[in-house]
Amino acid sequence: MTPVITLLTDYGLADGSVAACHGVIVLTAPQVRIIDVCHLVPTGDVRRAAAILAQTIPHLPPGVHVAAVSPVGASRRAVAIEAGEHVFLGPDNGVLSWAVTAAGGARTARELTNEDLFRKPVSPTFHGRDVFAPVAARLATGLPLAEVGPEIPQERLVALRTPTSLVRDDEVEGEVLSVDDHGNVQLSISAADLAVVGVRPGGTLVVWLGRRHVSLPFRETFAAVPPGELVAFTDSAGLVVLAINTGDAAQRLALPPGAHVRLSSGSRRTPPESL
C-alpha cells in the first residue's frame, strides 16, 4: 500500500507554508501520498482542529497524521502518538487527543527529540516544515517509532476535556463542540441522543441556553428553511448543528465553543419564545 501522510494546519492558503511542508515530505519520501485535511483552521484554535481531525480520522487510511495547530507564542513539546493503525504528530497541547480516542486510544507516545530527523536549521516558528514534515516522511516509509525519541507516559499527555452529552429525562444536555467559518454551531449531541427524547427530522427542537430558549425546526439540511431563518440538522458526523440559512447562528445565539446547551422536543410545554 502507498504510504499516506495527512496534514492539518492553521497556516492558511495565502502563502507558501503548506507547499513547503509538501516539499519537505516529497524530497524525503517521493513515494508518499499526501492528503490535506484542512489548512483553514482559525489561528491557534486547538479545539476546532481537534474536532476536525477526530471527525475525519474514521474516513482516512492508515498513515501518519500531522496536526500543526498551536496558539501564537505557545511552546509545547512535539509528540508522536500511536493509536490503532495510525501515528499522530503534533504539539502536546491536546490537538491530537480526540482523534487518538477515535482511533481506539493511544498504544504508545514519544517525544520528538532526535534532531537527526529534523530539517536544518529548525525555525522556532515553523515546526510543521522543519520537525513534523520530515519526521512524518521518515515514519511513513518505515522508520520505527522508537527512533524519534524517548517514550512519554500516556497520563502525561495533554488532553482536551471530552465533550459532554447526557440524556436526562425528556431533554439532552451537551455543549458547543465547534463553530465553523460560517457561524454554524456543531454540538456534542448526536441525532441518536435526540431520538431518545422523541426529536426527529421534521419536528421542532427547543434549544435552552441558560434561562433563554428558542424553538427551531429540525430538518435534514439548512436549505430547508428560508434565508435568515434558524434551523437544526444532523451533519455528516452524526452530530446536531444549529445554523441560519445564509447567516451566523453562533453570533445570533451567542454560542461560543464550550457553551452549555440543553435540547428538548417542541412538543414539551415551554414558556413563550425568549429569543
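Side-chain atoms are counted along with the backbone in the values below, which use heavy atoms only and exclude waters and symmetry mates.
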d(K120 NZ, E115 CD) to nearest 0.5 Å is 6.0 Å

Does any pair with a residue in residues 129-139 pass side-chain hydrogen bond (donor to acceptor under 3.5 Å, both in side chains), and if so which ones, sequence neighbours excluded? R119-D130

Contacts under 3.5 angstrom, residues 54-61 side chains, donor-acceptor by atom type, not counting sequence neighbours:
{"unit_1": "Q55", "atom_1": "OE1", "unit_2": "Q186", "atom_2": "NE2", "d": "2.9"}
{"unit_1": "Q55", "atom_1": "NE2", "unit_2": "Q186", "atom_2": "OE1", "d": "3.0"}
{"unit_1": "T56", "atom_1": "OG1", "unit_2": "I52", "atom_2": "O", "d": "2.7"}

Please name all residues satisfying salt bridge (charged side-chain N to carboxylate O under 4.0 Å, His left out) with R107, sequence neighbours left out, ordered by chain then number. E82

Donor-acceptor pair, side chain of S97 and main chain of L160, under 3.5 angstrom: yes

Go through it in stages, so that I can follow the logic: the residues are T141 and V32, the test is side chain to side chain contact (heavy atoms under 4.5 Å, CB included), and I'd like the CA-CA distance, side-chain angles, deciding distance and then a yes or no. CA-CA 8 Å; T141 51; V32 166; 4.0 Å; yes

Going through the distances and angles, do V197 and V167 end up as a side chain to side chain contact (heavy atoms under 4.5 Å, CB included)? CA-CA 8 Å; V197 297; V167 178; 3.9 Å; yes

Tell me whether V122 is reachable from L112 by hopping between hydrophobic residues (I, L, V, M, F, W, Y) whose side-chain heavy atoms are closer than 4.5 Å. yes

If you group Ile, Leu, Val, Met, Phe, Trp and Tyr by side-chain heavy-atom gaps below 4.5 Å, do L177 and L242 land in one group? no

Fellow cluster residues of V158, listed by chain then number, with links counted only when side-chain atoms sit under 4.5 Å apart: none

Residues in side-chain hydrogen bond (donor to acceptor under 3.5 Å, both in side chains) with S17, at least two apart? D15

If you define the side chain from C-beta out and look only at heavy atoms, does anything of V95 sit under 4.5 Å from S70? no

P3 side chain near Q31 side chain, heavy-atom distance below 4.5 Å: yes

Contacts of P42 meeting side chain to side chain contact (heavy atoms under 4.5 Å, CB included) (sequence neighbours excluded), chain-then-number -> D45, R48, D181

Could you tell me whether the side chain of E173 reaches within less than 4.5 Å of the side chain of W208, counting heavy atoms only? no

Evaluate whether atom CD of Q251 has more than 12 neighbouring non-hydrogen atoms of other residues, nucleotides or ligands under 6.0 angstrom away. no

Which atom names give the shortest non-hydrogen contact between V66 and A136, and what distance separates them? CG2-CB, 3.8 Å

Interatomic spacing from OG1 in T234 to CZ in R200 - rounded to 0.5 Å: 11.5 Å

With sequence neighbours left out, what residues match R33 under salt bridge (charged side-chain N to carboxylate O under 4.0 Å, His left out)? none

Please, which pairs that meet side-chain hydrogen bond (donor to acceptor under 3.5 Å, both in side chains) have at least one residue in residues 152-167, sequence neighbours excluded? R161-E175, T164-E175, S165-D193

Is V214 reachable from V241 through a run of I, L, V, M, F, W or Y residues, each pair having side-chain heavy atoms under 4.5 Å apart? no

Would you indicate whether the side-chain heavy atoms of V26 and I34 approach each other to under 4.5 Å? yes

Taking all heavy atoms of A51 and all of W98, pick out the closest pair and write down the distance. N-CE3, 3.7 Å

Give the C-alpha distance, both sets of side-chain angles, the deciding distance and a yes or no for side chain to side chain contact (heavy atoms under 4.5 Å, CB included) between L8 and H65. CA-CA 8 Å; L8 171 67; H65 309 281; over 6 Å; no

Determine whether V206 and S264 make a side-chain contact, defined as any pair of heavy atoms from C-beta on separated by less than 4.5 Å. yes

With side chain to side chain contact (heavy atoms under 4.5 Å, CB included) as the test, would you mind laying out the steps for I25 and L7 before giving the verdict? CA-CA 11 Å; I25 291 170; L7 298 176; 4.2 Å; yes

Please name the pair of heavy atoms, one in A67 and one in L96, separated by the smallest distance, quoted to 0.1 Å. CB-CD2, 3.7 Å

Heavy-atom closest contact (V148 atom, A80 atom, distance): CG2-CB, 4.4 Å

Qualifying salt bridge (charged side-chain N to carboxylate O under 4.0 Å, His left out) pairs, either residue in residues 223-251, two or more places apart: none

Test side-chain contact (heavy atoms from CB on, under 4.5 Å), reference L253, set V176, L230, V207, L216, output is L230

Hey, does the side chain of N93 reach the backbone of V69 with a donor-acceptor pair shorter than 3.5 angstrom? yes

Search all heavy atoms of A68 against all heavy atoms of P91 and return the closest pair with its distance. CA-CD, 4.5 Å

Any side-chain heavy atom of P134 sitting closer than 4.5 Å to one from V24? yes

Pairs involving residues 9-32, ordered by first then second residue, that meet ring pair (Phe, Tyr, Trp, His ring centres under 6.0 Å) (sequence neighbours left out): Y11-F126

On a heavy-atom basis, which atom in R110 and which in A146 lie closest, and how many Å separate them? NE-CA, 3.4 Å

Heavy-atom check, side chain of L209 versus side chain of V261, under 4.5 Å: yes

Linked, directly or transitively: V185 and V199 (ILVMFWY side chains, under 4.5 Å): yes

Given the rule that I, L, V, M, F, W and Y join up when any side-chain heavy atoms are under 4.5 Å apart, are L255 and I189 in one cluster? yes

What is the distance from atom CG of D36 to atom OG1 of T9, rounded to the nearest 0.5 Å? 8.0 Å

Could you pull out all donor-acceptor pairs under 3.5 Å where a side-chain atom in residues 218-226 meets a protein atom, sequence neighbours excluded?
{"unit_1": "R219", "atom_1": "NH1", "unit_2": "G202", "atom_2": "O", "d": "3.3"}
{"unit_1": "R219", "atom_1": "NH1", "unit_2": "G203", "atom_2": "O", "d": "3.0"}
{"unit_1": "T221", "atom_1": "OG1", "unit_2": "A223", "atom_2": "N", "d": "3.4"}

Within residues 127-184 or reaching into it, pairs that qualify as ring pair (Phe, Tyr, Trp, His ring centres under 6.0 Å) - sequence neighbours excluded: none

Test item: P150 and T113 side chains (from C-beta on) under 4.5 Å apart, heavy atoms: yes

Within 6.0 angstrom of E85 CD, more than 12 heavy atoms from elsewhere: no

